[in-house]
Amino acid sequence: MKGKTIVLGVSGGIAAYKAAELCRLLQQEGATVQVVMTAAAREFITPLTFATLTGRPTLTTLFGNENESPLTHIDLAARADLFLVAPATANTLARLAHGFADDLLSATALAVTCPTLVAPAMNVNMYNKDSVQANLATLKQRGWIIVEPAEGELACGTSGKGRLASLEVIVAACRRALSPQDYQGRIVLVTAGGTREPLDPVRYLGNYSSGKMGYALAQAAWERGAKVTLISASQLQPPPEVELVPVQTAAEMLAALQERFSDADLVVKAAAVADFRPRAVAPQKLKKNGQIEPVVELELTEDILAILGRQKDKQLLVGFAAETENLLTNARQKLKAKKLDLIVANDVTRPGAGFGSDSNVVTLIYPDGSIKELPRLTKIEVAHCILDAIRILPGWRKTGQMGGAI
Ligand code: CTP
């Protein structure tokens, strides 16, 4: 969101207080936030709160905003990269759906040409009312992005659908609305985390992978318009709107991928898959009694990428190579052996790279042997660079035929 201006319209419901935190989160993402409030919103929270948070005056009226141009709504619209109304009350939804222009928020909504989002929040019966649903349908049909309310306890004492969507979901929707939609219609499978191979009911063989790189890839692909399924052996919370398929072992990960492989356009295997598993899983906890030096017999797990490499048709396959030595040589061998379209070589011993870190240092290697070294970047930045590289692979043109429903 760096360098982007978000006009945040706040209307008058109790969830207006949450808009203050939303404002901060958007700013933390790098956006400049300009707040516009309706008269009713000012009954719940003061313009001073937003002015203090944003460092700029909160705009409240069509005319007479001090130090602002007489055409405030037009100027605001020209500056806006994104127009977000959160919370949007039933009244504000009606005014937006019917093209009213008698206050600053609704007049600005008519003047903007950027992406527009509403995050409704109200009592469950109000939300379910035909008129409200019809207004939402109208807005949706006209290109507004609706960030649906969540279910749960409502301020009015009832419960149901009507709570303002979580701030994380609203921020994610903003990121998506500001991103190029170059993965729209693509079905993307991402694997993440370190698999665990059970030894007995309380022990497993595993590795140090956190899953952060895979989660960043899932988030980045979703932001760019893809339909994303995250097949994960990690305990992290999935990004909003990404389908999560939890797995534990290499065999479960393979089964989850194979179930979805024929429809997929792209598989990115960021997971650190265990290469070996105990040949037998003890049904009860192994006891040390008498077993001074126990020996665990291991067998190889399935090499998931190699299997998919043999099965692939139009799908693009991207692997990771976690190495501690001979980075490029080992990664090139894996690229060839597993029939990959791209491999992300990752020296996990480098500072700022590898397991658990929020940043990564990787080199992209293409099938023709050419490489692209990336500097140390955050994992979400690395994810976007990988997606940029995938888009220019020769096989990209063949993807997207299934038209993944978004
Ligand atoms: N991989 C896989 N199935 C396995 C092992 C690895 O699909 N049983 C995938 C990983 O998800 C990664 C790529 O293959 O995308 C390379 O994994 P890595 O652990 O670097 O290498 P290995 O193929 O396991 O080879 P080695 O352990 O000998 O380095």
Side-chain angles (χ1 to χ4, degrees), residues 188-198 204-218 221 229-234 236 245-261 264 266-279 298-312 315-350 353-357 360-367 371 379 382-383 385-387 389-390 393:
V188 177
L189 306 179
V190 179
T191 69
T195 59
R196 296 175 174 191
E197 305 297 334
Y204 60 84
L205 292 185
N207 58 65
Y208 293 120
S209 169
S210 63
K212 286 181 182 173
M213 191 62 241
Y215 277 56
L217 278 155
T229 302
L230 181 58
I231 297 167
S232 171
S234 157
L236 296 175
V245 180
V247 293
Q248 182 168 301
T249 62
E252 287 171 12
M253 187 170 276
L254 173 62
L257 278 163
Q258 280 194 316
E259 212 175 290
R260 295 161 178 83
F261 190 56
L266 168 67
V267 177
V268 187
K269 274 219 81 253
V273 184
D275 290 322
F276 308 101
R277 66 176 153 236
R279 190 177 288 283
L298 300 177
E299 64 180 12
L300 278 171
T301 58
E302 302 76 8
D303 189 323
I304 302 170
L305 258 188
I307 293 172
L308 298 181
R310 290 194 290 275
Q311 290 173 355
K312 77 173 176 179
Q315 296 88 351
L316 290 171
L317 276 190
V318 177
F320 274 68
E323 305 295 344
T324 54
E325 57 181 355
N326 302 328
L327 179 70
L328 296 185
T329 313
N330 288 341
R332 282 195 174 105
Q333 271 169 9
K334 288 176 190 174
L335 174 90
K336 205 161 165 233
K338 303 187 192 215
K339 296 195 173 57
L340 306 181
D341 298 282
L342 183 74
I343 195 155
V344 183
N346 195 185
D347 180 346
V348 288
T349 63
R350 278 183 74 159
F355 298 145
S357 169
N360 212 347
V361 189
V362 303
T363 302
L364 309 183
I365 308 180
Y366 296 85
I371 65 167
K379 285 190 170 167
V382 172
C385 290
I386 294 170
L387 296 181
I390 293 168
L393 290 171

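Start at 1 and go down the list; that is how both ligands and their atoms are numbered. Heavy-atom basis, side chains included; hydrogens, waters and symmetry copies ignored.
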*asked:* Consider side chain to side chain contact (heavy atoms under 4.5 Å, CB included). Of V245, T229, I307, I231, which one does L257 pass it with?
replied: I231

*Could you grab the distance from atom NZ of K336 to atom CD1 of I343, nearest 0.5 Å is fine?*
13.5 Å

_Heavy-atom contact check, 4.0 Å cutoff: does M253 meet ligand 1?_
no

*asked:* Please compare I304, D275, D303 and report which has the shortest non-hydrogen distance to atom 27 (O) of ligand 1.
replied: D275

_Per-atom contacts, ligand 1 versus T301 - under 4.0 Å to a heavy atom_ = 8 (N)

*Side-chain donor-acceptor pair present, S232, Y215, cut-off under 3.5 Å*: yes

_Taking 4.0 Å as the limit for heavy-atom contacts, which would you say applies to K338 with ligand 1: side chain only, backbone only, both, or neither?_
side chain

*What do you reckon, does A322 have a nitrogen or oxygen under 3.5 Å from a nitrogen or oxygen of ligand 1?*
yes

*Please determine if A272 has a nitrogen or oxygen closer than 3.5 Å to a nitrogen or oxygen of ligand 1.*
no

*Has ligand 1 got any nitrogen or oxygen that is less than 3.5 angstrom from a nitrogen or oxygen of A271?*
yes

*Identify the heavy atoms of N346 and V361 that sit nearest to each other, and give their distance.*
ND2-O, 3.7 Å

*In terms of side-chain heavy atoms, does Q311 have a donor or acceptor partner in Q258 at a distance below 3.5 Å?*
yes

*asked:* So which atom in E323 and which in A331 form the shortest heavy-atom distance, rounded to 0.1 Å?
replied: OE2-N, 4.3 Å

*OG1 of T195 to CG of D275: how many Å apart, nearest 0.5 Å?*
8.5 Å

*With V382, which of N360, L387, L364, L217 fulfils side chain to side chain contact (heavy atoms under 4.5 Å, CB included)?*
N360

*Protein heavy-atom partner closest to atom 13 (C) of ligand 1 - residue, atom, separation in Å*: F320 O, 3.0 Å

*Nearest neighbour of atom 7 (O) of ligand 1 from the list L305, T191, V268, on a heavy-atom basis*: L305

*Do any N/O atoms on A321 end up under 3.5 angstrom from N/O atoms on ligand 1?*
no

*Please indicate, with yes or no, if any protein heavy atom is found under 4.0 Å from atom 1 (N) of ligand 1?*
yes

*For ligand 1, which atoms sit closer than 4.0 Å to a heavy atom of G319?*
15 (O)

*State the atoms of ligand 1, each with its element, that fall below the 4.0 Å cut-off from a heavy-atom position in E302.*
3 (N), 4 (C), 8 (N)

*When you look at CZ of R260, are more than 12 heavy atoms from neighbouring residues, nucleotides or ligands closer to it than 6.0 Å?*
yes

*asked:* Please report whether ligand 1 has a polar contact with K334, defined as an N or O pair separated by less than 3.5 Å (distance criterion only).
replied: yes

